[in-house]
Amino acid sequence: MTAENDTFRQRVFQIVAAIPRGQVTTYGDIAQMAGSSRAARQVGGVLKRLPQGSRLPWHRVINRKGELSLQGEDFQRQRQALLAEDIEVDAQGRIDLNRFRWRG
DNA sequence: ACACTGACCTCAA
DNA sequence: GTTGAGGCCAGTG
């Protein structure tokens with residue numbers, strides 16, 4: 001966590017913070033916006049290790065298939081957070097990207 | 001510097 | 001519709 005290595009993480013923070021309420025985007029898209037188009041996994045890594053108490057809307061980030069990538073209780077929490085902003089998520093965690101995807 | 005991990009993605013079958 | 005293999009590359013220890 002040196003000064004230089006913070007750039008990717010910082011960009012991810014900034015991009016995720018910019019996702020409007022009621023919309024979602026994908027790990028891959030964030031990676032691309034952050035300037036490293038093939039670092040989709042890293043976006044997940046960054047969000048996984050968010051400091052507790054962060055107000056970043058991490059729940060608005062899903063995978064390319066339009067599904068939540070989390071499991072268990074985390075899955076439930078993300079689903080509730082999305083439903084709370086009127087995003088339609090079925091029991092399988094699927095979302096219609098054509099309707100809720102954020103276009104920057 | 002090295003080895004390993006993984007909230008991903010693409011493509012092939 | 002599914003599954004699996006292979007690649008990707010920023011974190012982590």
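Just so it is clear: chains get the letters A, B, ... in the order the sequence lines come, proteins before strands, and each one is counted from 1.
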Exercise for the section: Under 4.0 Å between any heavy atoms, over every strand shown, what does A:Gly45 touch: base, sugar-phosphate, or nothing? Just pick one. Expected result: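 Touches nothing.
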Could you state the [atom1]-[atom2] distance from [X] to [N], rounded to the nearest angstrom?
{"X": "A:Asn63", "N": "B:dG6", "atom1": "CG", "atom2": "P", "value": "17 Å"}
{"X": "A:Arg77", "N": "B:dA7", "atom1": "CZ", "atom2": "C1'", "value": "12 Å"}
{"X": "A:Leu47", "N": "C:dT12", "atom1": "CG", "atom2": "C1'", "value": "17 Å"}
{"X": "A:Arg94", "N": "C:dT2", "atom1": "CZ", "atom2": "P", "value": "7 Å"}
{"X": "A:Ile62", "N": "B:dC9", "atom1": "CD1", "atom2": "C1'", "value": "14 Å"}
{"X": "A:Arg64", "N": "B:dA7", "atom1": "CZ", "atom2": "C1'", "value": "16 Å"}
{"X": "A:Phe8", "N": "C:dG11", "atom1": "CZ", "atom2": "P", "value": "7 Å"}
{"X": "A:Glu67", "N": "C:dT2", "atom1": "CD", "atom2": "P", "value": "8 Å"}

Please check the phosphate of [N] (OP1 and OP2 only) for any side-chain N or O of [X] closer than 4.0 Å.
{"X": "A:Ser69", "N": "B:dC8", "result": "yes"}
{"X": "A:Arg60", "N": "B:dA7", "result": "no"}
{"X": "A:Arg41", "N": "C:dA10", "result": "no"}
{"X": "A:Ser36", "N": "C:dC8", "result": "no"}

Exercise for the section: Could you check A:Arg49 against A:Arg38 and say which one's nearest nucleotide on DNA chain C is further toward the 5' end? Expected result: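 The answer here is A:Arg38.
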Taking the minimum atom-to-atom distance to the side chain of [X], which one of [options] wins?
{"X": "A:Arg9", "options": "C:dT12, B:dG6, B:dT10", "value": "C:dT12"}
{"X": "A:Ala39", "options": "C:dG11, C:dC9, B:dT10", "value": "C:dC9"}
{"X": "A:Tyr27", "options": "C:dA10, C:dT12, B:dC8", "value": "B:dC8"}
{"X": "A:Lys48", "options": "B:dT10, B:dA7, C:dG1", "value": "B:dA7"}
{"X": "A:Trp58", "options": "C:dG11, B:dC9, B:dA7", "value": "B:dA7"}

Handout entry: Neighbour count >12 (heavy atoms, 6.0 Å) for atom CD, A:Gln14
Key = no
Problem - For the student: nearest non-hydrogen atoms of A:Gln78 and A:Leu68, plus distance - result: OE1-CB, 3.7 Å
Problem - Side-chain touch A:Ile15/A:Val43, heavy atoms, less than 4.5 angstrom - result: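 A:Ile15 does not reach A:Val43 side chain to side chain.
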Exercise for the section: Report yes if the side chains of A:Met33 and A:Arg11 come closer than 4.5 Å at any heavy-atom pair, otherwise no. Expected result: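 No, too far: nothing below the 4.5 Å cut-off.
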Problem - Pair A:Gln80-A:His59, side-chain donor/acceptor within less than 3.5 Å - result: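 No donor-acceptor contact under 3.5 Å links the two side chains.
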